[in-house]
Visitor: 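Here it is: the structure, laid out below.
This is a predicted model, so every value here is computed, not measured. What's counted below: heavy atoms across the whole structure, side chains too, no hydrogens, waters or symmetry copies.
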Amino acid sequence: MNTYKLELQNLKCGGCANTITKTVAKTKGTSNINVDTDLGELSFDLLDESSLDEIKQNLSMKGYPVVGEGNSIGQKVKSYVSCAVGRVG
């Protein structure tokens with residue numbers, strides 16, 4: 001098992017963190033998921049490294065692309081929606 005740390009775009013609050021945590025947890029073999037809203041970072045343990053790209057893609061689709069990847073207006077809007085949903089759920 002390896003530990004990964006990703007710096008994410010559009011990460012603003014606890015609602016975002018909740019959405020990100022739920023998104024990562026859906027990938028089999030993840031554990032110890034931690035989101036630091038102050039630093040804009042996500043860390044997690046992953047059993048199978050081949051699932052890393054899937055996690056990055058799922059986060060991007062929710063509006064939280066990894067720093068260095070494109071961050072379109074559409075992704076920014078999705079992050080605001082995900083943020084609001086994360087606060088409720």
Side-chain angles (χ1 to χ4, degrees):
M1 185 166 293
N2 292 315
T3 300
Y4 295 90
K5 186 179 280 188
L6 302 175
E7 190 175 351
L8 301 177
Q9 300 178 73
N10 307 326
L11 172 52
K12 298 170 283 305
C13 67
C16 298
N18 189 30
T19 297
I20 290 166
T21 299
K22 287 180 179 181
T23 300
V24 174
K26 289 180 182 178
T27 302
K28 188 176 179 178
T30 57
S31 60
N32 298 322
I33 302 165
N34 183 44
V35 180
D36 186 326
T37 55
D38 292 332
L39 297 176
E41 291 181 344
L42 160 69
S43 63
F44 56 94
D45 293 337
L46 183 60
L47 190 59
D48 183 4
E49 184 178 348
S50 66
S51 298
L52 185 58
D53 285 337
E54 175 188 339
I55 290 171
K56 288 179 181 180
Q57 182 179 14
N58 289 340
L59 289 169
S60 184
M61 289 185 340
K62 290 284 186 178
Y64 304 102
V66 174
V67 168
E69 294 182 359
N71 189 15
S72 69
I73 295 293
Q75 286 173 307
K76 291 176 184 177
V77 169
K78 284 181 186 179
S79 76
Y80 282 105
V81 172
S82 293
C83 174
V85 170
R87 290 180 189 202
V88 174

Visitor: Suppose the criterion is side-chain hydrogen bond (donor to acceptor under 3.5 Å, both in side chains): which pairs have a residue in residues 49-60, not counting sequence neighbours?
Guide: D48-S50, S60-Q75

Visitor: Just jot down the side chain to side chain contact (heavy atoms under 4.5 Å, CB included) partners of T3, sequence neighbours excluded, or say none.
Guide: D45

Visitor: According to the salt bridge (Lys or Arg N to Asp or Glu O under 4.0 Å) rule, which pairs have a member within residues 2-14, sequence neighbours left out?
Guide: K5-E41

Visitor: Going by ring-ring contact (aromatic ring centres under 6.0 Å, His included), name the pairs with one or both residues in residues 21-42, residues two or more places apart or in two chains.
Guide: none

Visitor: Can you list every pair that meets salt bridge (Lys or Arg N to Asp or Glu O under 4.0 Å) and has a residue in residues 62-82, with sequence neighbours left out?
Guide: none

Visitor: When Ile, Leu, Val, Met, Phe, Trp and Tyr are grouped by side-chain heavy atoms lying under 4.5 Å apart, directly or through other members, which residues fall in the same group as V77?
Guide: I73

Visitor: Enumerate the residue pairs fulfilling ring-ring contact (aromatic ring centres under 6.0 Å, His included) with a member in residues 7-42, sequence neighbours excluded, ordered by first and then second residue.
Guide: none

Visitor: Test question: given the 4.5 Å side-chain rule for I, L, V, M, F, W and Y, name all other residues clustered with V24, or answer none.
Guide: Y4, L6, L8, L11, I20, I33, V35, L42, F44, L46, L52, I55, L59, Y64, V66

Visitor: Quick one: does any side-chain atom of T19 pair with a main-chain N or O of G15 as donor and acceptor, under 3.5 Å?
Guide: yes

Visitor: Please enumerate all residues that pass side chain to side chain donor-acceptor pair (under 3.5 Å) together with N71, with sequence neighbours excluded.
Guide: Q9, N10

Visitor: So which atom in M1 and which in S31 form the shortest heavy-atom distance, rounded to 0.1 Å?
Guide: SD-OG, 3.6 Å

Visitor: Only pairs at least two apart or in different chains count here, so list each ring-ring contact (aromatic ring centres under 6.0 Å, His included) that has a residue in residues 5-30.
Guide: none

Visitor: Check side chain to side chain donor-acceptor pair (under 3.5 Å) between S72 and all other residues, then give those that pass, not counting sequence neighbours.
Guide: none

Visitor: Run through the side-chain heavy atoms of Ile, Leu, Val, Met, Phe, Trp and Tyr, join any pair under 4.5 Å, and report what else lands in L39's cluster.
Guide: none

Visitor: Could you tell me which non-hydrogen atom of T37 sits nearest to which non-hydrogen atom of C13, and how far apart they are?
Guide: CG2-O, 3.4 Å

